[in-house]
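Just below is one structure, and these are the notes that go with it.
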Amino acid sequence: MTTTTSKPAHSPKVRKLVQGLRALYVPTPSFRALDERLGELIEQRRADMTDGVTSNTRGLMLVGQSGSGKTTAIRELTRKYSGVLRTDPTQEICEYIGLQVPSPATMKHVGASTLRALGYPYSGDKQGPAIWDQVKVQLKLRGTLFLGLDGAQDLARHQTDKERQSVVNTLKSLMENSVWPTGLILSGMPDLKKIVNQDPQLARRLYPVEIGRLHGIRDVAPVLNIVQKYAARAEIEALASVRNEFFAQRLIHAADYQFGLMAEITVQAVTKALFSEGTEAKLGIQHFADVYHDRNAAIDAMNPFIAEDFARINPRLIFGDDPGAEDQ
Ligand SMILES: Nc1ncnc2c1ncn2[C@@H]1O[C@H](COP(=O)(O)OP(=O)(O)OP(=O)(O)O)[C@@H](O)[C@H]1O
Ligand SMILES: [Mg+2]
């Protein structure tokens, strides 16, 4: 069923086009909401600093299923703000520091990881509260205005109520610090809502943004537009087989209704078209079917781009079995 004939090397033009595809970030309503909020927060903080006032600060909370595009959105956000916010961690002043929440996410572990992300040599013998005191000192020294914690739903996993409360209190205290408040940018799966909702004071200090599921009818037109946009970026034609409602529904289903996965599958399909047929390629549904096969090792009857009754296929289950899936 594959349309590819493998070629040993790709032309520089094809490689450049593929790079362009990977670099393309499709702005979403949730990205625009984050962008607007962060802009306001930065402006407010700069005004406070100019006036010499220290007030409590606020932060952002981004929630979405796996593959919805949280990590990518935060990366794009920090890239976009790199002109107004000093984001280079190799510099002494670093206004944004981001890290992945470690596992297990105990106070001690999260504190130690944050210290390391701040470039502080952590010795490993301190207890949770002492580590967090050290974190606060470092945040001030580095001039850190925002701390990004990705995978923040893990902050509540395998924790007792008491431990969870102390995590919440610690996070809150970073934003309420009278010496140097640091705004949190928490991103994670929907369980993150439970942690934040546990404490109304924390909830009040975070602007919530959610990356919702794609909708099989409402999102048909935007999804078809995105496929067109990627084909245009690759300077190739999109065939009628990828320009109709039924194709869009198959793609949305194959991506388990997640925006990020939809974009990722599309990038891979366009890349496959370019790699196999060069700059004369025409993007068709077969490229999507081949990509799905590569990702899931699914037989045709279990491939949403081929099977007639595709709605019964559980794409997540199969993704879960595929060690090659780029679901980070
Ligand atoms: N707006 C976008 N434009 C283009 N590609 C995107 C966009 N959002 C996400 N993607 C792509 O979707 C894929 C999944 O995104 P990402 O890794 O950010 O998801 P996630 O929500 O962080 O998932 P997880 O919870 O599993 O960490 C990535 O390959 C990424 O490049
Ligand atoms: Mg992620």
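Predicted model, so just to flag it, every value in this text is computed and none were measured. Atoms within each ligand, like the ligands themselves, are counted from 1 in listed order.
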(request) Check whether any N or O atom of Gly260, backbone or side chain, sits under 3.5 Å from an N or O atom of ligand 1, and answer yes or no. (result) yes
Only distances under 3.5 Å count here; give the side-chain donor-acceptor pairs of residues 180-190 to other protein atoms, sequence neighbours excluded, each with its distance to 0.1 Å.
{"from": "Trp180", "atom 1": "NE1", "to": "Leu139", "atom 2": "O", "distance (Å)": "3.4"}
{"from": "Trp180", "atom 1": "NE1", "to": "Thr144", "atom 2": "O", "distance (Å)": "2.8"}
{"from": "Thr182", "atom 1": "OG1", "to": "Thr144", "atom 2": "O", "distance (Å)": "3.1"}
{"from": "Ser187", "atom 1": "OG", "to": "Asp150", "atom 2": "OD1", "distance (Å)": "2.8"}

(message) Looking only at distances, can you tell me whether any N or O atom of Phe259, backbone or side chain, sits closer than 3.5 Å to an N or O atom of ligand 1?
(response) no
(request) Kindly confirm whether the Mg ion (ligand 2) is within less than 2.8 Å of some N/O/S atom in Ser187? (result) no
(request) Report the part of Ile211 (side chain from C-beta onward, or backbone N, CA, C, O) that has a heavy atom under 4.0 Å from ligand 1; answer both or neither where that applies. (result) neither
(request) Verify the neighbour count for atom CZ of Arg22: are there more than 12 heavy atoms of other residues, nucleotides or ligands below 6.0 Å? (result) no
(message) Looking only at distances, can you tell me whether any N or O atom of Val26, backbone or side chain, sits closer than 3.5 Å to an N or O atom of ligand 1?
(response) yes
(request) Please indicate whether any nitrogen or oxygen in Glu264 is less than 3.5 Å from any nitrogen or oxygen in ligand 1. (result) yes
(message) Using a 6.0 Å cut-off, check whether atom CD of Glu36 has over 12 heavy atoms from anything other than its own residue.
(response) no
(request) Apply the side chain to side chain donor-acceptor pair (under 3.5 Å) test between His287 and each candidate in Lys272, Glu277, Gln268; give the one that qualifies. (result) Glu277
(message) As an exercise, state the distance from CD1 of Ile93 to CG of Leu85, rounded to the nearest 0.5 Å.
(response) 12.0 Å
(message) Any carboxylate oxygen within less than 4.0 angstrom of a Lys/Arg side-chain nitrogen, looking at Arg58 and Glu40?
(response) no
(message) Pro27 versus ligand 1: do any nitrogen or oxygen atoms come within less than 3.5 Å of each other?
(response) no
(request) From atom 15 (O) of ligand 1, work out which of Leu62, Thr72, Thr266, Leu21 has a heavy atom at the shortest distance. (result) Thr72
